[in-house]
Amino acid sequence: MKEIINLPVKNVEEEEYHINMGPQHPSTHGVLRLVVSLKGEIVKSLKPHCGYIHRGIEKMCEKDTYPQIIHLTDRMDYLSAHINNHAVCMLVEKALEVEVPERVKYIRTIVDELNRIASHQLWWCSFGMDMGGLTCFFYGLRDREKILDIFEESFGSRLLHSYYTPGGLMMDIHPNFQKNVKAFIKYFRKKIKDYDELLTGNIIMQLRTRGIGVLSKEDAISYGITGPSARASGFACDVRKHDPYGVYDKVDFKEILGTTGDTLERYMMRMHEMHESMKIIEQLIDNIPEGDYAAKMKAVIKLPAGEYFQRVEAARGELGVYVVSDGNKSPYRMKFRSPNFSNLSVLDHLSRGCKIADLIAIGASLDYVIPDIDR
Amino acid sequence: MNFSIYDFTSFTQWIDKVLYDNLPAFWAIAVEMTIIGVAILLFYALIGLFLVYAERKVCAFMQNRVGPNRVGPFGFFQTIADLFKLLMKELVYIKNADKLLFNIAPFIVIIASFMAIAAIPFAKGLHAIDFDIGILYVIAVSSLGVVGILLAGWSSNNKYSLIGAMRSGAQIVSYELSVGLSLVTIIILAGTMQFSAIVEGQANGWFIFKGHIPAFIAFIVFLIASTAETNRGPFDLAEAESELTAGFHTEYSGIKFAFFFLAEYMNMFIVASIAATVFLGGWMPFHVGGWEGFNHIMDFIPPFVWYIGKTFFIIWIMMWFKWTFPRLRIDQLLTLEWKYLLPINLVNILIMAFIVLMGWHF
Amino acid sequence: MNSFFEYFADIFRAVKSLLTGMKVTGRYFFSPWEIVTQQYPENRKTLKMYDRFKGEVIMPHNEHNEHHCTGCGICETACPNGTIEVLQAKIDMPDGKKKRIIDKHIYRLGMCTFCGLCIKSCPSDALAWGQEFEHAVFDRSKLTKTLNQPGSSIIKDIVE
Amino acid sequence: MTPNQLMFAIFSAVIIIFSILTVTSRRILRAATYLLFVLVATGGMYFLLRFNFLAAIQLTLYAGGIVVLIIFSILLTSHIGDKLEQPDLKKIIPAFLAAAAGMVITVFTILKHNFPQEVAAGTDRTDIRVIAKSLISTEKFGYALPFEVISILLLAAMVGAIILAKKRND
């Protein structure tokens with residue numbers, strides 16, 4: 001009895017109120033579990049628990065040949081499937097010192113940017129939905145459907161394409177591809193005004209995001225944040241600009257940098273990026289050179305023994321692929337540096353002292369895709 | 001017996017007379033009560049079902065969709081099918097919940113909205129109780145609903161529910177002020193709180209036009225505040241699905257969830273019909289001074305149609321709000337009330353009192 | 001005084017931004033012709049998938065119930081998931097030699113990730129993408145399909 | 001039995017039963033809910049007496065205001081598993097005696113008082129205009145002064161509450 005009496009009296013105010021947000025929660029966009037400790041409505045700290053959708057992709061890669069790995073990368077950040085494929089393909093091409101045809105580079109760049117727009121459209125949908133404006137979700141999906149139709153016509157599938165192969169493409173683009181892409185850009189230029197009118201300019205949305213979850217440039221760098229989320233803080237980290245691949249060195253586009261680093265800025269970055277992506281596509285779509293859609297590759301691809309690294313700018317940040325090869329047809333070790341994992345790590349830092357509603361807004365502005373976090 | 005669709009007074013008096021002639025007084029009144037109760041209950045259920053359907057259709061059209069279109073023509077029976085689904089669903093009992101309060105809460109919410117509907121004039125003579133304090137009664141009764149929400153949130157023994165209930169409590173208690181004060185603005189103009197007298201007073205012009213700008217401001221404030229009081233978007237913080245999964249009714253299932261759902265829609269109907277009655281003339285037709293022919297045509301439209309039309313117009317505006325705006329945060333919600341709506345309302349009352357004093361209204 | 005005007009300017013700006021948003025949804029409400037929903041089961045007859053649509057892997061047969069598959073098993077090795085299993089049989093050729101032909105080309109739809117490597121790697125173009133996409137079944141075993149039809153044989157000109 | 005008597009009986013029964021439940025319940029939020037029923041039934045009693053204004057005020061202030069406030073504070077402080085302890089006899093007996101004494105006095109007063117048998121026609125209903133006029137009249141039996149004094153008192157209480165709340169946060 002004595003021990004019980006002698007226990008220090010717990011102050012009611014200091015008691016922590018834990019909430020398990022997820023693994024099944026509407027605004028974690030998948031099976032992510034956030035253990036939030038609250039004081040009233042205010043978030044005191046937050047602990048993400050990942051691994052609910054861990055499929056061991058990196059381990060599975062070790063038994064697959066390089067062409068087979070492609071279809072696994074689709075399933076990491078499923079919203080930028082093409083870009084993930086691009087990373088692995090480029091790594092293999094770099095290791096084997098294969099020069100891919102110009103046509104392939106052009107098509108890959110265009111498709112990457114289309115994929116980026118589609119990804120940002122879905123981000124806009126879910127951002128609007130997390131803010132409570134359900135209508136955004138439907139407008140975003142409606143416009144994303146146009147891109148998916150283009151994808152489906154050319155590549156046969158809508159989300160997980162496995163379109164790139166080491167050395168080139170699975171098949172040539174559909175004859176209608178250029179026409180449809182141009183039609184889409186014309187259409188989307190009109191519809192993106194709706195986005196601005198409906199959500200960007202809205203006073204409620206502005207009040208809820210301005211000055212919330214401010215990420216300084218130093219923190220962005222030290223947490224390893226990349227992509228639009230880091231550029232909102234003024235950290236110039238666009239791989240397309242600083243380590244160009246594809247034909248990004250031939251096109252004119254701006255790397256848009258923000259200043260404030262708050263939720264609204266992160267939102268604006270992605271809105272600007274959609275415009276920039278459309279600009280890139282417009283510059284390339286009429287100039288796709290004629291030629292082969294794939295370089296000649298050996299039937300069995302074996303990478304020379306050694307370590308290889310390749311990075312690309314995925315829709316959410318920098319995706320790095322690291323391969324240790326022992327000269328066999330499968331990698332000895334494969335590691336993906338996924339942007340979402342690093343971006344998630346800053347959530348605790350950003351959301352301390354914010355309200356629950358702010359936590360949702362910050363999470364939506366970081367735009368995490370759970371399968372990419374867990375892999 | 002000369003019934004008209006324009007005046008229900010003779011019809012109701014005829015029923016009254018028949019009952020009292022044929023039955024002892026006690027049974028006559030009992031039968032009368034039962035008739036009224038059943039009529040309102042039917043009306044309540046039908047309107048609730050229709051509103052759910054209407055909301056789904058309206059939001060679908062705003063979102064470039066077609067909405068429910070499988071059950072019946074244009075999906076008209078979709079909500080009835082949903083009702084049967086909800087009726088047949090298992091009622092999940094929560095371990096460690098306060099069972100009594102958990103079961104009582106939906107009834108408190110639904111009874112509060114059910115009581116409010118009694119005082120609303122649907123047409124001339126179609127009016128369950130015509131209190132001399134009609135508006136005050138509606139405000140008083142509708143303030144009971146929040147108790148049900150608080151109890152539901154607490155007794156579910158769920159942290160999301162509790163936060164939802166807390167938010168809802170803070171929200172409803174503060175927005176009740178604005179609802180009350182914006183109605184007071186019109187009470188000053190009308191000089192009465194009796195619904196029938198308020199409607200009669202708008203025979204030569206709706207109050208929103210009669211009261212010039214202050215009445216219009218009061219109308220806007222009432223729209224905003226009543227949207228908040230009914231816990232609808234963009235003020236649906238109590239059930240904010242992206243933050244609290246479903247807020248105070250996270251743990252409810254089956255028919256008990258349906259009660260909350262129905263009560264939400266009925267509260268919307270009630271505030272819309274109050275707005276229609278107080279600001280837009282209730283069942284009074286639209287008249288323009290001097291245009292005799294036009295006024296005559298307007299008179300041909302039955303008052304019940306006028307009333308329903310106005311009410312649904314306001315409901316449509318509230319749906320438009322919900323499907324356009326993102327949700328507010330709790331502190332912004334309270335800022336909106338205490339820093340904007342309430343001061344504007346108070347100044348507005350003063351201006352209205354001054355206008356009435358000087359006789360500047362029509 | 002400045003803050004007084006700021007107060008009303010705030011209200012004005014807020015209302016303006018809200019009305020802008022309502023304009024968008026209001027416009028769509030009154031333009032039902034912009035609805036993009038497809039009525040799926042009703043439009044089944046007119047629904048045409050794109051030529052390259054990856055519905056399932058099929059083995060095209062000609063009118064004589066013949067296909068191109070030699071049963072070499074390259075698709076089986078190309079498949080990352082073990083979706084395809086090629087069962088071979090030996091038949092006696094007229095000249096007395098034993099010859100391997102395909103017995104069953106087993107395709108497990110439930111395991112397929114539609115990467116297309118089997119079709120790309122097939123040396124005799126025996127596999128192709130099918131347009132069928134309504135794959136829902138009540139029993140998982142129904143997802144295991146045999147792609148070569150019963151009694152089918154290889155097209156003669158390939159066998160020499 | 002007239003309908004009025006029936007309703008009176010129902011309301012009285014509700015008030016009595018739930019009053020007892022309010023003080024005997026071991027769960028504090030249940031007690032608050034029972035109190036809500038008592039107050040609503042009291043409001044119904046006023047409606048029965050045709051004191052519509054008083055009834056509406058009863059519902060707004062007591063049922064809608066005070067009970068909500070009580071429930072709100074219970075929500076903030078208590079946990080769902082919390083149960084009040086059974087008070088010991090030393091506390092029950094004096095409380096019971098005090099309650100009994102109160103009841104005796106009330107019943108005695110009611111029985112002793114000479115209620116008018118017939119209410120004059122037209123006076124069974126208080127016009128709210130009369131209430132409103134007397135609330136702001138400055139003449140004899142006018143409530144303008146008390147009204148203002150209470151306003152100042154409430155304002156002072158509000159300011160005090162804000163200061164107290166602010167102090168704790170700093």
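Just so we're on the same page: letters track the sequence lines, and every chain starts at 1. As the structure is a computational prediction, the values presented were derived from the model and not from experiment.
- Of the atoms belonging to T65(A), not a single heavy atom falls under 4.5 Å from chain C.
- Counting non-hydrogen atoms of neighbouring residues, nucleotides and ligands closer than 6.0 angstrom, the NZ atom of K335(A) exceeds 12 such neighbours.
- The two atoms that bring S17(C) and I203(A) nearest to each other are OG-N, 3.0 Å, heavy atoms only.
- Heavy-atom distances place both the backbone and the side chain of H174(A) under 4.5 Å from chain C.
- Only the side chain of K23(C) comes within contact range of chain A, with heavy atoms under 4.5 Å apart.
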Open item on the list: Please determine whether side chain to side chain contact (heavy atoms under 4.5 Å, CB included) holds for the pair Y50(C) and I150(A), giving the CA-CA distance in whole Å, both sets of side-chain angles, and the decisive distance to 0.1 Å.
Closed with: CA-CA 10 Å; Y50(C) 291 109; I150(A) 294 173; over 6 Å; no

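- By the 6.0 Å contact criterion, NZ on K16(C) is open, its count of non-hydrogen atoms from other residues, nucleotides or ligands being 12 or less.
- Around the CD atom of Q38(C), the shell of radius 6.0 Å holds no more than 12 heavy atoms that belong to other residues, nucleotides or ligands.
- In this structure, chain A has no heavy atom under 4.5 Å from any part of M22(C).
- Between D74(A) and F114(C) there is no side-chain heavy-atom pair separated by less than 4.5 Å.
- The number of heavy-atom neighbours closer than 6.0 Å to OH of Y332(A), taken from other residues, nucleotides and ligands shown, is 12 or below.
- Contact of the D194(A) side chain with the Y28(C) side chain is registered, since non-hydrogen atoms from C-beta on lie closer than 4.5 Å.
- Listed options L117(C), T37(C), I119(C) were ranked by heavy-atom pairs under 4.5 angstrom with chain A; first place goes to L117(C).
- Judged by distance alone, with hydrogens and angles left aside, the side-chain atoms of K54(C) form no donor-acceptor pair with the main-chain N or O of E152(A) at under 3.5 Å.
- Using a 4.5 Å cut-off between heavy atoms, K63(A) touches chain C through its side chain atoms alone.
- Salt-bridge annotation for E34(C) and K191(A): present, with a side-chain N of the basic residue lying under 4.0 Å from a carboxylate O of the acidic one.
- Both the backbone and the side chain of D149(A) come within less than 4.5 Å of a heavy atom in chain C.
- Pairing each heavy atom of M170(A) with each of C115(C), the nearest pair is CE-O, 2.8 Å.
- For R158(A), no part lies near chain C; criterion is any non-hydrogen pair under 4.5 Å.
- With a 4.5 angstrom heavy-atom cutoff, V24(C) touches chain A via backbone and side-chain atoms both.
- Using a 4.5 Å heavy-atom threshold, the side chains of T113(C) and R75(A) count as touching.
- By the 6.0 Å contact criterion, CZ on F12(C) is open, its count of non-hydrogen atoms from other residues, nucleotides or ligands being 12 or less.
- With a 4.5 angstrom heavy-atom cutoff, D64(A) touches chain C only via side-chain atoms.
- Residue F155(A) touches chain C through its backbone alone, counting heavy-atom pairs closer than 4.5 Å.
- In terms of heavy-atom pairs under 4.5 angstrom with chain A, the leader among A14(C), G116(C), S121(C), G55(C) is A14(C).
- Looking at R27(C), only its side chain comes within 4.5 Å of chain A, counting heavy atoms on both sides.
- Between Q68(A) and A78(C), the closest heavy-atom pair is NE2-O, 2.6 Å.
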